[in-house]
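Scope of the values below: all heavy atoms of this structure, side chains included, with no hydrogens, waters or symmetry mates. Treat the numbers as computed from the prediction; the structure is a model and nothing was measured.
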Amino acid sequence: MNFAEREDSKRYCIKAKHVAIICAVVVAVGLIVGLSVGLTRSGDSSRDNGQGTTPAPSHSPPSAGPSDLPPQDQGVCPASEDESGQWKDFRLPDFINPVHYDLEIKPVLEEDTYTGSVSISINVSAPTSHLWLHLRETRITQLPVLKNPTGEQVQVRRCFEYTKQYVVVEAEEELPPSSGDSTYLLTMEFAGWLNGSLVGFQTTYTENGITKSIAATDHEPTDARKSFPCFDEPNKKATYNISIIHPNDYEALSNMPVEKKESVDDKWNRTTFQKSVPMSTYLVCFAVHQFGSITEQSKSGKPLTIYVQPEQKHTAVYALNITKSVFDYFEEYFAMEYTLPKLDQIAIPDFGTGAMENWGLITYRETNLLYDPNESASSNQQRVASVVTHEIVHQWFGNIVTMDWWDDLWLNEGFASFFEYLGVEHAEKEWQMRDQMLNEDVLPVQEDDSLMSSHPIVVTVTTPAEITSVFDGISYNKGASILRMLEDWITPEKFQNGCQIYLARFKFKNAKTSDFWEALEEASDLPVKEVMDTWTKQMGYPVLNVHNTRNVAQKRFLLDSKANASEPHSDFGYTWNIPIKWTEDNLSDITVYNRSEKEGIILKSSNPSGNAFLKINPDHIGFYRVNYEGPTWDWIAANLSLDHKGFSSADRASLIDDAFALARAQLLDYKKALNLTTYLKMEKDFLPWQRVISAITYIISMFEDDTELYPLIESYFQDQVKPIADSLGWNDTGDHITKLLRASVLGLACKTGDREALNNASQLFEQWLSGTVSLPVNLRLLVYRYGMQNSGNETSWYYTLEQYQKTSLAQEKEKLLYGLASVKNVTLLSRYLDFLKNSTLIKSQDVFTVIRYISYNSYGKTMAWNWIQLNWEYLVNRYTLNDRNLGRIVTIAEPFNTELQLWQMESFFAKYPEAGAGETPREQVLETVKNNIEWLKQNRNTIREWFFDLPRNG
């Protein structure tokens, strides 16, 4: 799934879903349910970096608040606290396993409910009187029917629901184990609300002035149980025959191709789909729609189809082209054909998750699938390519081979996040995607992973909220980052071979992290498990301290210099087996630094003279930081000023990011980190500027209210960015990377108050307000944001709102939402916040995005936080505590840096102690704010001295 994430990152395939199901209806029937959104990609520490990039939406789901069924439909399985059996355990038993489901669902539109039936063939390998499976909010309407392997009916004594998790069926007699291929057959009829029990996702769109509806399921990680009774764990794979009864003017889609369509009566049709391959419940998907479609064919002959609103077909062409390119690439790379007869993709107008990789029917938020070359920015194009590729990778990593349990989620998400770069690089060779991974995944998540509130990649999860919460930057970005390091260490060829062994060995099965290590060891003949366990079984990462140019010793890197580096306990004691790579005189070498070498190691020289600079971790290929001695940092700063091209673009980005992170952690004098910025007037490359923007955005946010120091900081970085800003100008020309760079540096120029840049933004904004000018696509977000900030008023704000309502392109809507949030007017921002409760104005998927945008506005930072506090109960009722985006929205407080703000946060969390999926984000934001407060105490004077001493620094 796709995960949303930080603004200075990119897309994020994070899922968590709750969207839901079935049916489509016209709005007149009044069945529409609002849903929520939120994006991410990395623990979602989305920060405003001034670049004018929009945060990718998170892969987390929203769901309407749960609803109770009418009294007459409470069901025949009452709630019970009976704890006499194993159903009191969180996990399902090993001796009860589904083999096949026959599932039929029918939405009853006029009542806003649905009914359905499921017959599950079950293998029982130990004697038992009870069968239990997952069910939540949906109700059983008739006593379940149980048949033994010979087809004879077994008397059911009773059924009951336990803790809103299981439905337990008790037989009159003990059930003996089934033998061979023989199975028990459990049949259950059920009913629920379309807007609650089915995870409640139904949304509307307008076609030729007519309001229509569409609905689609989204079950990951634990919401299939809200749609139908099932064994809702990833290792309970089974085959499916699915049929949907739907209004006859709609069509139905599911994982498999249609087997037959038949009329039920003059209002209803039944669409039955072919039998599926074995798959996990969270991948079961069906949709009801009135869309059009466009189709391509893969090299291996598989139909690739995108479903979209008829008038938007042209916006699906790019995604279809990317789909074919990467689909063919991965079939060849993995040496395994896609295993279903077709691959469908569909764009949902209001979708809580960024995207979801349902097998054979991938669902998307429109911003992640639809791209208009005349109206969308290069960043939008890259997001579409990345998210589509991410979801297609899942057809192998996740769908064909599925993690055994959610503690190994990274086997799905880390792998899809890594391979998306390889796939997009294949399809778009000029985009430098391998390098961009440094900015999008590696360096952003290193910040998250240097907090005490981080967690290991492989982490124990024992509740649905904990499962939902691990769809974060550690599973996605860190997972991808350590795969990048691993591929480089064992070589790309052996890495590819290991992936092929793994997929072939576990096809249609479940696997654990150790299984993947075993496959790579077979391919490489290297101690992969011994090395990589230290990266997946403990949180954090090391900093390598360099002495005498070649002596290196490791230590855990933490942003909080006062934190106890031995906590929480790790069996590895926060030491790592590190594949260290280094270059010297353009020659590279690599060695594994074994954690048992307590005193460190000496890197051998490939240069007889030994005088060349030894660059450790070239291009930041390893997931660690490097701290040189003071004179070496001085030498690096001097050589950047003399000949910055002597370092690769990725090396310059890495050195800048390391230096500022080390300074935040009190491991390097801030003056030495700031010295690395003095060469920036000569910097013209995308990667280094991205990291500079990230590093200085933190400093800017910390001193924003400092009337003495902030003007000096602002003026200095204005001067540093001006040459490249002037060189690129405000004409939307150049290649893909140039357009991304222009948006970034002009955004920084505007953020630091450059009058020329702000005037250009305002002039273009005024021209756009006249209604006679179409803005260049890659400058639109800058113009909407900074034009509104610099010269916006009530008239221009309402004009922008009108354009937001008029445009049908979701990517354009997202930019306009950002513009609306940028106005320097408390009354208008207050009105905007009020709009969040009106789903006809602001889609449920966009609520948390808007709150975050408002928090980037200096006028709105406190307003957004206060609004969340005042409306917390409303948000919980609307989205539920298990919604990842709701849980993550508290991270808008990350820039706070006063004791008063910290007290307010702690008071709010104490008032609402139930955090649900937000437990970890709360820990992270509290830790970050405490660090900010301490940071100001420790660093203000040093930073002040450096900026006051600028003439001497040059």
Side-chain angles (χ1 to χ4, degrees), residues 3 5-6 9 12 14 40-47 58 406-410 413-414 417 441-461 465-483 485 513 532-543 554-576 578 622-625 657-658 661-662 664-665 667 694 698 884 887-888 890-891 893-894 915 917-932 934-935:
F3 151 57
E5 86 219 79
R6 4 172 121 228
S9 287
Y12 285 125
I14 254 191
T40 169
R41 176 191 175 146
S42 237
D44 202 29
S45 310
S46 303
R47 291 201 179 96
S58 165
W406 298 106
D407 54 2
D408 279 319
L409 173 65
W410 87 285
E413 297 303 345
S417 297
D441 280 21
V442 181
L443 297 176
V445 80
Q446 281 197 321
E447 181 176 340
D448 297 335
D449 203 27
S450 55
L451 297 174
M452 293 294 288
S453 49
S454 184
H455 64 81
I457 286 177
V458 178
V459 59
T460 301
V461 287
E466 287 180 350
I467 293 169
T468 298
S469 69
V470 296
F471 286 83
D472 66 0
I474 300 300
S475 298
Y476 284 73
N477 306 15
K478 185 178 181 181
S481 301
I482 67 166
L483 289 175
M485 175 174 68
T513 296
M532 298 309 295
D533 274 355
T534 66
W535 298 91
T536 58
K537 292 186 176 182
Q538 63 182 346
M539 67 188 195
Y541 59 92
V543 54
Q554 63 169 294
K555 181 183 178 182
R556 181 184 180 187
F557 179 79
L558 288 168
L559 281 178
D560 182 358
S561 61
K562 297 181 179 180
N564 184 342
S566 64
E567 296 294 338
H569 172 76
S570 163
D571 290 342
F572 297 102
Y574 295 105
T575 56
W576 288 262
I578 311 170
F623 196 75
Y624 54 89
R625 298 195 184 277
D657 202 82
D658 273 358
L662 292 163
R664 277 184 70 178
L667 298 176
S694 176
Y698 180 76
R884 176 175 311 102
R888 195 174 288 127
V890 298
T891 61
E894 282 186 337
E919 184 173 348
T920 297
R922 286 187 180 192
E923 293 174 359
Q924 290 173 333
V925 71
L926 285 172
E927 182 180 353
T928 298
V929 173
K930 290 174 184 176
N931 288 348
N932 293 344
E934 188 64 25
W935 184 91

Separation of Asp448 CG from Leu443 CG (nearest 0.5 Å): 11.5 Å
Nearest-0.5 Å distance that lies between atom CG in Asp472 and atom OG1 in Thr920: 7.5 Å
Inter-residue atom distance Leu558.CG - Met539.CE, 0.5 Å rounding: 7.5 Å
Test log, rule side chain to side chain contact (heavy atoms under 4.5 Å, CB included), inputs Leu451 and Asn931: CA-CA 10 Å; Leu451 297 174; Asn931 288 348; 4.0 Å; yes
Derivation of the side chain to side chain contact (heavy atoms under 4.5 Å, CB included) call for Asn932 and Glu894: CA-CA 9 Å; Asn932 293 344; Glu894 282 186 337; 5.6 Å; no
Parallel, tilted or perpendicular, as decided by the 30° and 60° cut-offs, for the rings of Tyr541 and Phe623: perpendicular
Flag if over 12 foreign heavy atoms under 6.0 Å of CD, Glu466: yes
Side chain to side chain contact (heavy atoms under 4.5 Å, CB included) between Lys537 and Asp571, intermediate numbers included: CA-CA 9 Å; Lys537 292 186 176 182; Asp571 290 342; over 6 Å; no
Ring geometry between Trp535 and Trp576 (parallel below 30°, tilted from 30 to 60°, perpendicular above 60°): tilted
Side chain proximity check, Tyr574 to Pro568, heavy atoms < 4.5 angstrom: yes
Value rounded to 0.5 Å, distance of CG in Leu559 from CZ in Arg664: 5.0 Å
Verdict with supporting geometry, Leu483 and Trp410, side chain to side chain contact (heavy atoms under 4.5 Å, CB included): CA-CA 10 Å; Leu483 289 175; Trp410 87 285; 3.8 Å; yes
Nearest-0.5 Å distance that lies between atom CZ in Phe572 and atom CG in Asp533: 5.0 Å
Pair Ser570, Gln538: side-chain N/O donor-acceptor within cut-off below 3.5 Å: yes
Side chains of Glu927 and Ser453, donor plus acceptor under 3.5 Å: yes
Reported CD1-to-NE2 distance for the pair Ile474 and His455, which is rounded to 0.5 angstrom: 5.0 Å
